[in-house]
**Student:** 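This is the structure I have questions about; it appears just below.
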Amino acid sequence: MNPASLRLLLLRRLAPAMLALIIAGAITAYNVALQSATRAYDRALLDTALAIAGEVRNIHGRPVLTLSNQAQTVLLTDKFDLQYFTVYFHGQVVAGSERVLPLPSHPDFSRQSGHDAWSYYDGQIDGREIRLASLDTLRDGLKLTVIAAETRVKRTRVIQEILLGMVLPELLLVGATLALVWFGIRSGLAPLELLRSELADRSQADLSPIQAAVIEEMQPVVQEINGLLRRLDHSLTIQRQFVSDAAHQLRTPISALQAQVELVLRESAPDRQTQLQSILRATQRLAHLVHQMLALARAEPSRMRPQQNLALPELLTQCAETLLPEAFRIGVDLGFSADPANVRGDPFLLQEMLLNLVDNALQHTQASGVVNVSCGVDPIGRPFLAIEDNGNGVAEIEREKIFERFYQSPGQAGKGCGLGLAIVRDIARLHQAEVSVDTSPELGGARFLVRFPPGKA
C-alpha cells in the first residue's frame, strides 16, 4: 500500500472541519436572511393593511371601503408576488377576497399599539404559500379586522440572495485556505525536493555527505543519511581495498605458476603434456580473472585519475597492437576504421574498456570470422566506439543481463569469467557514456556501441 501524500493527508483532515464550517455558516446565513426578509416584508404587509384600514368609513353603522378600484389595483400591484386583502366586520367579509382566512388561534407574532393590534402568520391560497398580516383596529367607532396577504416569491429571492452573499465568501475563503495549504506545503517541501535532486544526480559511487540546505525539522534525517553514507563508504572502501590488494598479491604467484607450468610443459614427455595443457589453461584463466578483478577495482570512481584529452583513433591503434597477434592466432579477421573523434577520460580505463569489448568479440566469433572496430562522431555530435562481429549475436532477452558481473550466456560457459562486460559498463558510466548492444547491420552478429556525451568531442 502506497503511503498517502502529505498534501492529501492534510486536506483530508481539514476538509471535514471546512465542511462543518460551511454548513454552520449556511444555517446561520439562512436564519439571518429569513429573519431580515420576514421583518422587512411583514412590515410592508402591515403598512398595506393600515392603508386599507384608513380608507374604511362608517356609513350608517356599517363599514364601507372608499378605496377606488384603480387605487386598489395600484395598492395591490407587485412585480413578484400576488397580493390579497380582506376587511372583516363582526366575522363577515365587507371588502376584498373571501379566500383570505382570518387569524389562526396561534399566530407567529403579535404586537399592540394604542387601539391597534396586529399579528403575522402563514397560510395558503390556491395551493400557494402566503404570508399574512392581520390588523385589529378601531375606525369611526367600528371594530375591524383588516388582513393583507401576499405570496412568498420575493421573500424567497431575498433569502437566496442574502444566503448566497454570505455563503459564497465562505466558500471562497475555504478554497483559498485549501489552496494556501496545498501551495504552502509545496513551498515547505521545497528543501526536500532539493535533497531528492542532489541524491538523484549522484553516481552510485558518490557517498560524500549531503550538503543540501534543509529546514530545521529535516536536519536529523539528513544527519542520519550522512551517517549511513559514511558507514557505507567505509565498508565499501575496505571491500574495494581488499579486492585490489588480493588481486595484486595473487598476480605474482600466479605468474610464477604459469611460467613454471610452461617450462615443465616444454620439458615433459608427450604422455604428460595433455594434463599439463589443462593445468596451463586453468592457470591462464586464473590469471585472466585476477587481471579482471584488478581492472574492476581500478574502475571505481575513487580510483579514477584526472581526465585527459584523448583521441579515439590512438586508442584503436594501441588495441590493434595488443590484440592483432591473438586474432591471427585464432584466424579472425580483425579490422579497424578510425575517424577523428576526441573525448576526455582516463586513458588506462578507456583502453581497458576497448580491449574487453574487442576480446569479447574475438571470443564469441567462430574461426575465420570477422570483427570490425570503428570510432567517429555520430550525426548529433556524440563520439562513439563500435565493435561488430559476424557471430551468433546476443538475444534481446540477454542484452541487459550480459553487463551483470559473472553472468555468462547459456552455451558460452568457459569462454570467460563474466567480468569483462561489467567492467565495460562501469568504465562507461565513469565517463558519462552509454554502452548498448544490438545487431550489426553489416555483419549480422553483435554490435557493441559506446556513445560519449556530445560535449566530450
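Just so it is clear, the structure is predicted and the values come from calculations on it, not from any experiment.
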**Student:** Could you walk me through whether F85 and I147 satisfy the side-chain contact (heavy atoms from CB on, under 4.5 Å) test, starting with their C-alpha distance in whole Å, then the side-chain angles of each, then the deciding distance to 0.1 Å, before giving a yes or no?
**Tutor:** CA-CA 5 Å; F85 78 94; I147 301 176; over 6 Å; no

**Student:** Which heavy atom in P340 sits nearest to a heavy atom in P313, and how many Å separate them?
**Tutor:** CA-CG, 4.3 Å

**Student:** Take a 6.0 Å sphere around CD of E400 and say whether it holds more than 12 heavy atoms from other residues, nucleotides or ligands.
**Tutor:** no

**Student:** Does a side-chain heavy-atom distance below 4.5 Å link P441 with E388?
**Tutor:** yes

**Student:** Within a 6.0 Å radius of atom CD1 on I397, are there more than 12 heavy atoms belonging to other residues, nucleotides or ligands?
**Tutor:** no

**Student:** Any side-chain heavy atom of R131 within less than 4.5 Å of one from D122?
**Tutor:** yes

**Student:** With a 4.5 Å cut-off on side-chain heavy atoms, are C375 and F336 touching?
**Tutor:** no

**Student:** Look only at the side chain of D81 and the backbone of K154, and say whether a donor-acceptor pair between them is shorter than 3.5 Å.
**Tutor:** yes

**Student:** Under 4.5 Å between any side-chain heavy atoms of I210 and I225, yes or no?
**Tutor:** yes

**Student:** Which heavy atom of D389 sits nearest to which heavy atom of G391, and what is that distance?
**Tutor:** OD1-N, 2.8 Å

**Student:** What I'd like to find out is whether the side chain of L135 reaches to under 4.5 Å of the side chain of L50, using heavy atoms alone.
**Tutor:** yes

**Student:** Are there more than 12 heavy atoms of other residues, nucleotides or ligands under 6.0 Å from atom CZ of R157?
**Tutor:** no

**Student:** Is atom CD of E314 surrounded by more than 12 heavy atoms (other residues, nucleotides or ligands) closer than 6.0 Å?
**Tutor:** no

**Student:** Would you say D126's side chain and R128's backbone share a donor-acceptor pair under 3.5 angstrom?
**Tutor:** no

**Student:** For the CG atom of L354 and the CG atom of L312, what is their distance to the nearest 0.5 Å?
**Tutor:** 9.0 Å

**Student:** Taking all atoms of both residues into account, what is the closest heavy-atom pair of A133 and L46, and its distance?
**Tutor:** CB-N, 4.0 Å

**Student:** So, taking the atom named CD in Q92 and the one named OG1 in T145, what distance separates them when rounded to the nearest 0.5 Å?
**Tutor:** 12.0 Å

**Student:** When rounded to the nearest 0.5 angstrom, what is the spacing between CZ in R399 and CG in D438?
**Tutor:** 6.0 Å

**Student:** Let me confirm one number: the CG-CG distance from D426 to L421, rounded to the nearest 0.5 Å.
**Tutor:** 11.0 Å

**Student:** Please round to the nearest 0.5 Å and tell me the distance separating atom CG of L144 and atom CG of L142.
**Tutor:** 5.5 Å

**Student:** Is any side-chain heavy atom of I52 closer than 4.5 Å to a side-chain heavy atom of V87?
**Tutor:** yes

**Student:** Can a salt bridge be assigned to the pair D42 and R155 using a cut-off of 4.0 Å between side-chain N and carboxylate O?
**Tutor:** yes

**Student:** Nearest 0.5 Å, what's the CD-CG distance between Q223 and L228?
**Tutor:** 14.0 Å

**Student:** Is H431 reaching over with its side chain to a backbone N or O of D346, donor-acceptor style, under 3.5 angstrom?
**Tutor:** yes

**Student:** With a 3.5 Å distance limit and no angle check, can you tell me whether T151 reaches the backbone of L82 through a side-chain donor-acceptor pair?
**Tutor:** yes

**Student:** Should R429 and E434 count as an ion pair when the cut-off is N to O under 4.0 Å?
**Tutor:** no

**Student:** Please examine the side chains of Y121 and S134, heavy atoms only from C-beta on, and report whether any two atoms are closer than 4.5 Å.
**Tutor:** yes

**Student:** May I ask you to decide if N356's main-chain N or O and N360's side chain share a donor-acceptor pair within less than 3.5 Å?
**Tutor:** no

**Student:** Tell me, with the steps shown, if N390 and T365 meet side-chain contact (heavy atoms from CB on, under 4.5 Å).
**Tutor:** CA-CA 7 Å; N390 66 343; T365 302; 3.2 Å; yes

**Student:** Of the non-hydrogen atoms in P383 and P453, which two are nearest, and what is the gap between them?
**Tutor:** CD-O, 3.6 Å

**Student:** Look at the side chain of R382 and the backbone N and O of P379, then say whether any donor-acceptor pair between them is shorter than 3.5 Å.
**Tutor:** no

**Student:** Start with the C-alpha distance between N226 and V222, add both sets of side-chain angles, then the distance that settles side-chain contact (heavy atoms from CB on, under 4.5 Å), and finish with yes or no.
**Tutor:** CA-CA 6 Å; N226 285 337; V222 174; 3.7 Å; yes

**Student:** Does E150 reach the side chain of L45, with side-chain heavy atoms less than 4.5 Å apart?
**Tutor:** yes

